[in-house]
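Single-structure report; data block below.
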There are 2 protein chains.
Amino acid sequence: MRVASVAFGTDGFAATGVADVAHAAGISKALVYSYFGSKEGLHAACLAEAGGLLAAEIERVARDGSAGVERGVRTLAAMFAVLDDRRHVWRLLRDRTAPADGPAAEVVAQYTARIEALARDGVLELLGDAGTTDELDVSAMVRTWLGIVDSLMDWWVAHPDQGAEEMTQRVARLIAALVSDQTRRRGPAPGDATPAPTPQR
Amino acid sequence: MRVASVAFGTDGFAATGVADVAHAAGISKALVYSYFGSKEGLHAACLAEAGGLLAAEIERVARDGSAGVERGVRTLAAMFAVLDDRRHVWRLLRDRTAPADGPAAEVVAQYTARIEALARDGVLELLGDAGTTDELDVSAMVRTWLGIVDSLMDWWVAHPDQGAEEMTQRVARLIAALVSDQTRRRGPAPGDATPAPTPQR
DNA sequence: GAGGTAACTTACCCTGAGGTCATATCACAG
DNA sequence: CTGTGATATGACCTCAGGGTAAGTTACCTC
């Protein structure tokens, strides 16, 4: 049910009432239960649809052979294109208020694992090319990448007038600004990871 | 109450029960209410402490005159140092399950506004130096920056053995890898925001 | 039109969590 | 020893929200 996806994606699983979803869909609560069995069943149905969509799209980009930051940008572009009229979908899979066990959790765990594996591939390429192989670095970078996607999707939801193509170009601009800043201040040969001095408390 | 901060920061406001907090603190639920009046009051007390700590620290870094990505890294370093033994605190202020109105929301809105204003300053510097002045770009970059902090704090919470200093160096390494990737693939003079071709659905 | 069935709703139950109150314990002044 | 106030608690109240069962409508077949 489309309206349930929007509700779960907007408010989170825990904050969404079955009665609200039913009302928004124009039917009664009991009918929802006759269709999906339980709130979790409804959630699982939404998740399966969302997860399949996203994982398939990310896998498609992974096959096209790009690497590093470029691959990240292309993945984002593909997701913007696919999710243009379903922007809430990304948050569905990254909902911390969803129960950690049960059948719906299995579904989301499966798709999340696929998406994370693909992100990991991309990060491994990126860091490997830069000479970093530390497993914890990879893990932190994957988490950060997913967080960046989270943020951009949130911002996109909050700015409905922005189209997919505009978002893609915006991301490219922002990355260019970051790199420009780093090359200008550090000189054109980065790679020496000089940490900033850590201030004391 | 320290234990309440941990609970709210770990599970979120909505998923945290007053009875659980009281039990974890070794006192009764009624006593919590006699201290704080309500669940929101308890929340507000935690938020005020957390917000003051974070805003003060970020403001301190803002005054030291660094700019661009360097300022971001220094801010992160300062937060890692301050939050080393209270890693849950960041999530307190960024809790989507907290009620959007009420006295506690006022508190969090106030501190969030301060932190966001400082992030905005940093982003304005960064983008301004790179020649980007679009207001929406700034807004999206601020959101993304906060998302990066979210991610790193989450990862940190999940890796208790990692100290503040290690985190700071890790962040520096990851940024170096990103920049290295971009300069290697695009040549040493970036800034042209060539968007990746947007795939069709 | 009678009967049966699928779709659907109303009205209800029940658990869990926020919140309250009468009571109990204790330190201490007189 | 006894009265009093601060501190603290178990038992209770209330209500939102997930879940269910009985009843109602609509349609289809004979």
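Chain identifiers are assigned alphabetically (A, B, ...) following the order of the sequence lines, protein sequences preceding nucleic acid strands; residue numbering begins at 1 within each chain.
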Distance-only donor-acceptor pairs under 3.5 Å for side chains of residues 12-26 of chain A, two or more places apart:
| from | atom 1 | to | atom 2 | distance (Å) |
| --- | --- | --- | --- | --- |
| Thr16(A) | OG1 | Ala7(A) | O | 3.3 |
| Thr16(A) | OG1 | Gly12(A) | O | 2.6 |

What side-chain donor-acceptor pairs closer than 3.5 Å can you find for residues 118-132 of chain A, not counting sequence neighbours?
| from | atom 1 | to | atom 2 | distance (Å) |
| --- | --- | --- | --- | --- |
| Arg120(A) | NH2 | Glu135(A) | OE1 | 3.3 |
| Arg120(A) | NH2 | Glu135(A) | OE2 | 2.3 |
| Glu125(A) | OE2 | Arg71(A) | NH1 | 3.2 |
| Asp129(A) | OD2 | Arg185(B) | NH2 | 2.8 |

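In this structure, OH of Tyr33(A) is placed 14 Å from C1' of dC12(C), rounded to the nearest angstrom. At whole-Å resolution of the value, NE2 in His23(A) and C1' in dT10(C) are 16 Å apart. One interatomic measurement links the two molecules: NZ of Lys39(B) to P of dT20(C), which rounds to 14 Å at whole-angstrom precision.
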Item to check | Sugar-phosphate or base contact per nucleotide [nucleotides 22-28 of chain C; S, B, -; heavy atom under 4.0 Å] | outcome: -------
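The list of ring pair (Phe, Tyr, Trp, His ring centres under 6.0 Å) pairs with a residue in residues 87-134 of chain B, not counting sequence neighbours, is empty. Screening residues 95-106 of chain A for side-chain hydrogen bond (donor to acceptor under 3.5 Å, both in side chains) gives Asp95(A)-Thr97(A), Arg96(A)-Asp154(B) as the qualifying pairs, with residues at least two apart or on separate chains. Pairs passing the salt bridge (charged side-chain N to carboxylate O under 4.0 Å, His left out) check and including a residue from residues 33-56 of chain B, sequence neighbours excluded, read Glu49(B)-Arg86(B).
Side-chain contact check for Leu178(B) versus Met141(A): some heavy-atom pair is nearer than 4.5 Å. With a 4.5 Å cut-off on side-chain heavy atoms, Phe80(B) and Leu76(B) count as touching. Annotation: side chain of Leu83(A) is in contact with side chain of Met153(A) (closest heavy-atom distance under 4.5 Å). The shortest distance between side-chain heavy atoms of Met79(B) and Thr75(B) falls below 4.5 Å. For the pair Ser151(B)/Leu146(A), no side-chain contact is recorded, criterion being any heavy-atom separation below 4.5 Å from C-beta on.
Remark: Asp137(A) pairs with Arg170(B), Arg173(B) by the salt bridge (Lys or Arg N to Asp or Glu O under 4.0 Å) rule, at least two apart or across chains. Listed by chain and residue number, His159(A) satisfy the ring-ring contact (aromatic ring centres under 6.0 Å, His included) test with Trp155(A) (two or more places apart in sequence, or in another chain).
Looking at every heavy atom in both residues, Ala45(A) comes nearest to Phe36(A) through CB-CE2, 3.8 Å.
One finds the CG atom of Leu47(A) at 11.0 Å from the CD atom of Gln110(A) (value rounded to the nearest 0.5 Å).
Reading DNA chain D from its 5' end, the first and the last nucleotide to sit under 4.0 Å from a heavy atom of chain B are dA8(D) to dG10(D).
For the segment residues 3-20 of chain B, residues with any heavy atom less than 4.0 angstrom from an atom of DNA chain C are, sorted by number, Thr16(B), Gly17(B), Val18(B). Shown for residues 96-109 of chain B: no residue has heavy atoms falling under 4.0 angstrom of DNA chain D.
Taking the charged nitrogens against the carboxylate oxygens, Glu70(B) and Arg74(B) do have a contact shorter than 4.0 Å, which makes a salt bridge.
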Find every protein N or O atom lying less than 3.5 Å from an N or O atom of nucleotides 4-8 of chain C, and list the pairs.
| from | atom 1 | to | atom 2 | distance (Å) |
| --- | --- | --- | --- | --- |
| dC8(C) | OP2 | Tyr35(A) | OH | 2.7 |

